[in-house]
Trainee: 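Have a look at this one before I ask anything.
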Amino acid sequence: MSKPTEKKGAVQTTGHAWDGDLQEYNNPLPRWWLWGFYATVVFAVVYWLMYPAWPVGNTFTKGFNTITFEVDGEERTTHWNTRALLVRDMQSSPSAVRQREFLEQIAAASYEEILTDADKLAFVRSYAHGIYGDFCAACHQVGGAGIVGLYPNLANDDWLWGGTVERIEETLIQGRLGYMPSYRETLNADQMTDVAVYVLSIAGYEGGDADAIGRGDRIFHGAEGGCFQCHNVGGVGRTSQGAPNLTNNIWQIIDVPNAADHDARVELVKSVLRNGIQRQMPAFADRLSPIEIKVLTAYVHQLGGGQ
């Protein structure tokens with residue numbers, strides 16, 4: 001077998017041959033690929049030096065690149081990390097600067113100006129939506145519909161503690177304690193039935209016995225029940241006590257409108273009389289800044305139509 005001849009200037013082979021003339025060429029790597037590989041090595045070394053990279057025991061190499069941001073008005077410098085970068089961007093990025101400008105305008109404006117200015121109200125809806133989602137939506141739901149029996153509906157313009165911006169702001173700052181006593185030891189089953197029938201009658205439901213309505217009226221407005229002291233003489237509620245209006249067919253604790261019949265509605269009302277109500281909304285004065293409370297107040301006000 002003769003050795004194949006190589007032409008001058010041709011690419012060298014590895015010296016291996018198969019079937020006499022099948023050879024493996026020894027082509028060099030393309031220059032562009034080789035320099036690209038060297039560049040990635042250099043980039044990796046520079047990155048390891050500048051940024052957090054390698055674990056060392058229970059810590060890591062933090063790099064020599066730093067980042068500066070503000071905490072409570074004081075500058076703080078730390079090694080580069082994405083959390084610090086986010087904080088700095090939220091403080092100094094163009095969008096953050098624009099946001100602060102709007103917040104300053106909101107802080108200087110009255111509630112009337114905020115609620116009647118389209119631009120300010122649009123900013124309130126956008127900015128407060130995040131605050132509401134973080135602090136309020138877990139109970140009152142994303143759209144403010146609440147949960148029957150647990151958390152009030154904020155979107156129906158029925159305000160237990162008042163729907164003015166002053167009252168909403170007060171609610172956010174100091175929280176609320178919703179309370180209705182249990183009548184388990186005060187009224188017997190028949191008396192509870194009479195009161196339930198009367199309450200349903202002033203809410204617009206028919207089907208109750210006239211005598212039972214009369215007896216329930218006397219208990220409601222008398223010393224036995226004393227319900228009028230919180231719910232008012234006409235049953236229209238009292239915002240100073242957070243006592244609901246019983247005449248508007250809006251039910252926060254029990255789902256009366258979807259009850260099967262009159263007897264089922266009576267049993268629902270009796271369950272409230274029997275068990276009472278205890279629920280609490282936390283105060284947010286120590287969780288939110290004054291401007292955040294102001295923005296959230298305007299947001300909740302327009303969410304339910306306000307007063």
Side-chain angles (χ1 to χ4, degrees), residues 1-107 119-120 122-138 142 284 286-296 299:
M1 182 181 296
S2 62
K3 183 177 180 180
T5 59
E6 294 183 358
K7 296 180 179 179
K8 187 177 181 179
V11 178
Q12 295 181 350
T13 68
T14 60
H16 301 124
W18 295 269
D19 292 335
D21 60 353
L22 184 61
Q23 302 179 68
E24 180 182 3
Y25 285 107
N26 188 19
N27 285 308
L29 293 170
R31 291 282 182 178
W32 65 266
W33 189 95
L34 194 61
W35 285 113
F37 173 73
Y38 292 152
T40 60
V41 173
V42 173
F43 175 84
V45 172
V46 173
Y47 187 94
W48 295 340
L49 293 174
M50 292 183 63
Y51 300 103
W54 292 98
V56 180
N58 61 354
T59 182
F60 55 92
T61 59
K62 297 177 174 58
F64 61 77
N65 199 20
T66 61
I67 192 166
T68 301
F69 56 94
E70 289 187 4
V71 177
D72 296 330
E74 297 182 0
E75 284 193 351
R76 178 178 298 179
T77 300
T78 183
H79 68 87
W80 188 97
N81 61 82
T82 54
R83 179 174 295 180
L85 179 63
L86 174 62
V87 173
R88 190 190 67 180
D89 287 347
M90 292 180 66
Q91 294 173 350
S92 59
S93 67
S95 59
V97 173
R98 181 64 174 153
Q99 185 181 84
R100 282 201 300 273
E101 292 174 353
F102 258 107
L103 285 174
E104 290 171 0
Q105 293 179 31
I106 296 297
D119 290 338
K120 289 184 175 65
F123 174 78
V124 162
R125 287 171 177 158
S126 175
Y127 186 82
H129 183 74
I131 303 175
Y132 180 90
D134 290 340
F135 294 94
C136 312
V142 174
F284 287 94
D286 58 345
R287 306 185 191 187
L288 300 175
S289 66
I291 184 58
E292 288 176 322
I293 288 178
K294 187 172 185 177
V295 171
L296 188 57
Y299 178 82

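On a predicted model such as this, the values are computed, not experimentally measured, just so you know. Residue numbers count from 1 along this sequence.
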Trainee: Between atom OH of Tyr132 and atom CG of Asp134, what is the distance when rounded to the nearest 0.5 Å?
Mentor: 12.0 Å
Trainee: Can you list the residues that meet the salt bridge (Lys or Arg N to Asp or Glu O under 4.0 Å) rule with Glu101, with sequence neighbours excluded?
Mentor: Arg98
Trainee: How long is the span from the CZ atom in Phe60 to the NE2 atom in His79, to the nearest 0.5 Å?
Mentor: 4.0 Å
Trainee: Quick one: are Leu103 and Tyr127 in side-chain contact, heavy atoms under 4.5 Å?
Mentor: yes
Trainee: Around atom CE of Met90, are there more than 12 heavy atoms from other residues, nucleotides or ligands closer than 6.0 Å?
Mentor: no
Trainee: Is the ring pair Tyr51/Tyr47 parallel, tilted or perpendicular, if the boundaries are 30 and 60 degrees?
Mentor: tilted
Trainee: Please confirm whether the backbone N or O of Glu70 pairs with a side-chain atom of Gln91, one donor and one acceptor, at under 3.5 Å?
Mentor: yes
Trainee: Give, for atom OH of Tyr38 and atom CH2 of Trp33, the distance between the pair rounded to the nearest 0.5 Å.
Mentor: 9.0 Å
Trainee: More than 12 non-hydrogen atoms from neighbouring residues, nucleotides or ligands closer than 6.0 Å to CH2 on Trp18, yes or no?
Mentor: yes
Trainee: Looking only at heavy atoms, which two atoms of Val295 and Val124 are closest? And how far apart?
Mentor: O-CG1, 3.5 Å
Trainee: Are more than 12 heavy atoms, taken from residues, nucleotides or ligands other than Phe64, located less than 6.0 Å from that residue's CZ atom?
Mentor: yes
Trainee: Quick check: closest heavy atoms across Ile67 and Arg88, and the distance to 0.1 Å?
Mentor: CG1-NH1, 3.8 Å
Trainee: Passes side-chain contact (heavy atoms from CB on, under 4.5 Å), Asp119 versus Phe123? Steps please.
Mentor: CA-CA 6 Å; Asp119 290 338; Phe123 174 78; over 6 Å; no
Trainee: Would you say NE2 of His129 has more than 12 non-hydrogen atoms from neighbouring residues, nucleotides or ligands within 6.0 angstrom?
Mentor: no
Trainee: Could you measure the distance from the CD1 atom of Ile291 to the CD1 atom of Ile106? Nearest 0.5 Å is fine.
Mentor: 6.5 Å
Trainee: Mind checking the CG-CZ spacing from Leu296 to Phe135? Nearest 0.5 Å is all I need.
Mentor: 9.5 Å
Trainee: Partners of Lys120 by salt bridge (Lys or Arg N to Asp or Glu O under 4.0 Å), sequence neighbours excluded?
Mentor: Asp117
Trainee: Counting only heavy atoms not in Arg287, do more than 12 fall under 6.0 Å of its CZ?
Mentor: yes
Trainee: When rounded to the nearest 0.5 angstrom, what is the spacing between CG in Leu85 and CZ in Phe69?
Mentor: 10.5 Å
Trainee: Is any side-chain heavy atom of Arg83 closer than 4.5 Å to one of Leu86?
Mentor: no
